[in-house]
Amino acid sequence: MVRYQGGVNAGHTVVVQDQTFKLHLIPSGILYPSTECIIGSGTVIDPKVLIEELDQLEQLGISTENLLISDTAHVTMPYHRMIDQASEEKRGTHKIGTTKRGIGPTYADKSERLGIRIVDLMDNDSLEKKLRWTINYKNVLLEKLYDLPPLDPNAVIEEYRVYADRLRPHVVDSSLRIYDAVRQRRNILFEGAQGTLLDLDHGTYPYVTSSNPVAGGACVGAGVGPTMIDRVIGVAKAYTTRVGEGPFPTELNGAMGELLCDRGAEFGTTTGRKRRCGWFDAVIGRYAVRINGLDCLAITKLDVLDELDEIQVCVAYEIEGDRFEDFPSNARQFARCKPIYETLPGWKQSTEDCRSLADLPPQALNYLKFLAELMEVPIAIVSLGASRDQTIIVEDPIHGPKRALLYKKTAATPNSQGVEVLS
């Protein structure tokens, strides 16, 4: 399992039986003893947080010996966190909604070729030489631009040498490791963080993260060619959420938004911030299908909608009387979009104990079919709760459909054509 981008700004909450694990950098496959887990070169690693995460897992009885770290991943330093926090505060009303964990400045230094990589962390001489120059350079920014106290290069170097000693046994050439796994015909799962609309190139810029969460980012962030990826699985909630700033056409600010937030426990794993909630946005959904080349979908948290009399789905946008069914690339135009809804009946009963499509209330099944039709991609997985057994596997999401999954394409044409919705 390979994590290919992002840093400690991401969080995955994983529930296994009665235990809850909050992961930030370590791939969730660490909970499977026989799974090799790689933090790829496209990630940025805060060694302090990573070591804390390792310690927490080991205290819970989870072995971390199968964790591997790319030697070319970049390292988040103290000055990255300080600059991130200070620059976000200076933005005032123009703030982005960053987690203030230093992710953006780490990626900025990577692009500016000032970054410290894991391979530098493993070399005492290289680490000292690079950090002394870089910290002196960053101290000018901290003092003159942000009115912050300077960092002591000696203290930072010694702190990070301790981190290096702890992480050294885990460091590998991750691209070579993945390539060897491909040659051995082992199964490989690439795990992204954040979502399509937070992608640096294809998201709601500037309200985005500093990396590429989209499926194409897996190739660069893991160091593999596109021909090595056989299948792309999209994960979407049965409604829409967003953390941080940025336009959100279907956002619900009243009682309904509170209900979705409460029932869905919509609080960020990393920051604890309350997530903004809204109706499912099929315009965004179709955009995600297109940008990622999705083969199938996993729809999660369907049970959150169990109590509703009616459920609305955004099928298009309206701007000054004109209808748009495609996602706008212009952020200012997106901020002016008003949702056009279609209303579906709710099912008003619990779905938490459903274990097959046949167990679902007819209205819940119709809702899923409606989403599959709108996004023109099959639904392979339906999740109805945090427990692993609260999952309906409609069809094998890895090896492809053996039969229609709520939806099928009738011809080998682009997704917008040749569509048949199954009854």
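Computation of the quantities below employed the complete heavy-atom set of this structure, encompassing side-chain atoms and omitting hydrogens, waters and symmetry-equivalent molecules.
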Original post:
Would you find a donor on one side and an acceptor on the other, under 3.5 Å apart, between the side chain of Ser41 and the backbone of Ala222?
Top reply: no
Original post:
Distance-only, no hydrogens or angles: does the Glu352 side chain make a donor-acceptor pair with backbone N or O of Leu384 under 3.5 Å?
Top reply: no
**OP:** Spell out, as yes or no, whether a donor-acceptor pair under 3.5 Å connects the side chain of Thr204 to the backbone of Gly246.
**Re:** no
Original post:
Would Asp180 and Arg177 pass as an ion pair if we require N to O under 4.0 Å?
Top reply: no
Original post:
Given Glu266, which of Arg242, Arg276, Lys301 fulfils the salt bridge (Lys or Arg N to Asp or Glu O under 4.0 Å) condition?
Top reply: Lys301
Subject >> Charged N-O contact under 4.0 Å between Arg290 and Asp326 >> reply: no
Original post:
If we only count heavy atoms from C-beta on, is the Ile30 to Phe21 side-chain gap below 4.5 Å?
Top reply: no
Subject >> Gln5 backbone acceptor or donor facing Arg3 side chain under 3.5 Å >> reply: yes
Subject >> Full working for side-chain contact (heavy atoms from CB on, under 4.5 Å) between Met256 and Trp279 >> reply: CA-CA 10 Å; Met256 186 60 71; Trp279 296 120; 3.9 Å; yes
Original post:
Under 4.5 Å between any side-chain heavy atoms of Glu395 and Pro378, yes or no?
Top reply: no
**OP:** Examine distances only and state if a side-chain atom of Gln194 and a backbone atom of Gly6 form a donor-acceptor pair shorter than 3.5 Å.
**Re:** no
Original post:
Where the side chain of Lys274 meets the backbone of Phe267, is there a donor-acceptor pair that is under 3.5 Å apart?
Top reply: no
Original post:
Got more than 12 heavy atoms from elsewhere within 6.0 Å of OH, Tyr205?
Top reply: no
Subject >> Neighbour count >12 (heavy atoms, 6.0 Å) for atom CD, Gln17 >> reply: no
**OP:** State, to 0.1 Å, how close Val304 and Gly264 come at their nearest heavy-atom pair, and which atoms those are.
**Re:** CG2-CA, 3.7 Å
Subject >> Backbone N/O of Ser356 and side chain of Asp359: donor-acceptor pair under 3.5 Å >> reply: yes
Original post:
Just one of Val44, Leu50, Val2 clears the side chain to side chain contact (heavy atoms under 4.5 Å, CB included) bar with Ile39, so which one?
Top reply: Leu50
**OP:** Kindly determine whether Leu200 and Tyr107 satisfy side-chain contact (heavy atoms from CB on, under 4.5 Å), including the steps that lead there.
**Re:** CA-CA 11 Å; Leu200 180 60; Tyr107 277 113; over 6 Å; no
Original post:
If you look at every heavy atom in Ser174 and Gly40, which pair is closest and at what distance?
Top reply: OG-CA, 4.4 Å
Subject >> For the student: nearest non-hydrogen atoms of Ala86 and Leu148, plus distance >> reply: CB-CD1, 4.0 Å
Original post:
For the atom pair NZ (Lys369) and CG (Leu374), what is the distance rounded to the nearest 0.5 Å?
Top reply: 14.5 Å
Original post:
Hey, are the side chains of Phe280 and Met375 touching, using non-hydrogen atoms and a 4.5 Å cut-off?
Top reply: yes
Original post:
Is a side-chain N or O of Arg286 found less than 3.5 angstrom from the main chain of Glu376, in a donor-acceptor match?
Top reply: no
Original post:
Do Ile393 and Ile381 pass the side-chain contact (heavy atoms from CB on, under 4.5 Å) test, and can you show the C-alpha distance, the side-chain angles, and the key distance before you say yes or no?
Top reply: CA-CA 5 Å; Ile393 305 298; Ile381 298 173; 4.1 Å; yes
Subject >> Test of ring centre spacing under 6.0 Å for Phe327 and Phe334 >> reply: yes
Subject >> CD-OH distance between Glu159 and Tyr163, expressed to the nearest 0.5 angstrom >> reply: 3.5 Å
Subject >> Asp306 CG to Leu308 CG distance, which is reported to the nearest 0.5 Å >> reply: 8.5 Å
Original post:
In Å, rounded to the nearest 0.5 Å, how long is the span from CG of Asn187 to OG1 of Thr35?
Top reply: 10.0 Å
**OP:** Flag the pair Ser70 / Thr43 as yes when at least one side-chain heavy-atom distance between them is below 4.5 Å, and no otherwise.
**Re:** no
Original post:
Checking Arg132 side chain against Pro153 main chain: does a donor-acceptor pair fall under 3.5 Å?
Top reply: no
Subject >> Sidechain N-carboxylate O distance under 4.0 Å for Arg81, Asp84 >> reply: no
Original post:
At what distance, to the nearest 0.5 angstrom, does CD of Gln56 lie from CD1 of Ile26?
Top reply: 9.0 Å
Original post:
Given Ser126 and Asp120, is the side-chain hydrogen bond (donor to acceptor under 3.5 Å, both in side chains) satisfied, shown in steps?
Top reply: CA-CA 6 Å; Ser126 175; Asp120 301 315; 3.2 Å; yes
Original post:
Which atoms form the tightest heavy-atom contact between Ile188 and Ala181, and what is the distance?
Top reply: CD1-CB, 4.0 Å
Original post:
So, do Tyr179 and Val224 sit near enough that their side-chain heavy atoms are less than 4.5 Å apart?
Top reply: no
**OP:** Report yes if some heavy atom in the side chain of Lys129 is under 4.5 Å from a heavy atom in the side chain of Asp125; otherwise report no.
**Re:** no
Subject >> Heavy-atom closest pair, residues Gly257 and Cys277 >> reply: O-CB, 4.0 Å
**OP:** Would you give the length of the straight line joining atom CG of Asp281 to atom CG of Leu197, rounded to the nearest 0.5 angstrom?
**Re:** 8.0 Å
**OP:** Evaluate the side-chain proximity of Tyr239 to Thr250: yes if any heavy-atom separation is below 4.5 Å, no if none is.
**Re:** no
Original post:
Is the closest basic N to carboxylate O distance between Glu128 and Arg161 below 4.0 Å?
Top reply: yes
**OP:** Applying side-chain hydrogen bond (donor to acceptor under 3.5 Å, both in side chains), run through Gln363 and Tyr367 and close with a yes or a no.
**Re:** CA-CA 6 Å; Gln363 297 90 338; Tyr367 180 71; over 6 Å; no
Original post:
So does Asn330 have more than 12 non-hydrogen atoms from other groups sitting under 6.0 Å from CG?
Top reply: yes
Original post:
Hey, is the main chain of Arg117 close enough, under 3.5 Å, to the side chain of His74 for a donor-acceptor pair?
Top reply: no
Original post:
Just wondering, are more than 12 heavy atoms of other shown residues or ligands nearer than 6.0 Å to CD in Glu65?
Top reply: no
Original post:
Can you find a pair of side-chain heavy atoms, one from Ser383 and one from Asp303, that are under 4.5 Å apart?
Top reply: no
Original post:
Would Ile178 and Met228 satisfy side-chain contact (heavy atoms from CB on, under 4.5 Å), going step by step from the backbone distance to the final call?
Top reply: CA-CA 10 Å; Ile178 296 167; Met228 293 184 186; 5.6 Å; no
Subject >> Residue among His24, Lys48, Glu58, Lys22 satisfying side chain to side chain contact (heavy atoms under 4.5 Å, CB included) with Glu53 >> reply: His24
Original post:
Considering the options Thr106, Val8, Ile118, Leu121, which one meets the side chain to side chain contact (heavy atoms under 4.5 Å, CB included) requirement together with Ile45?
Top reply: Ile118
Original post:
Considering all heavy atoms of both residues, which atom of Pro213 and which atom of Ala193 are nearest to each other, and what is their separation?
Top reply: CB-O, 3.1 Å
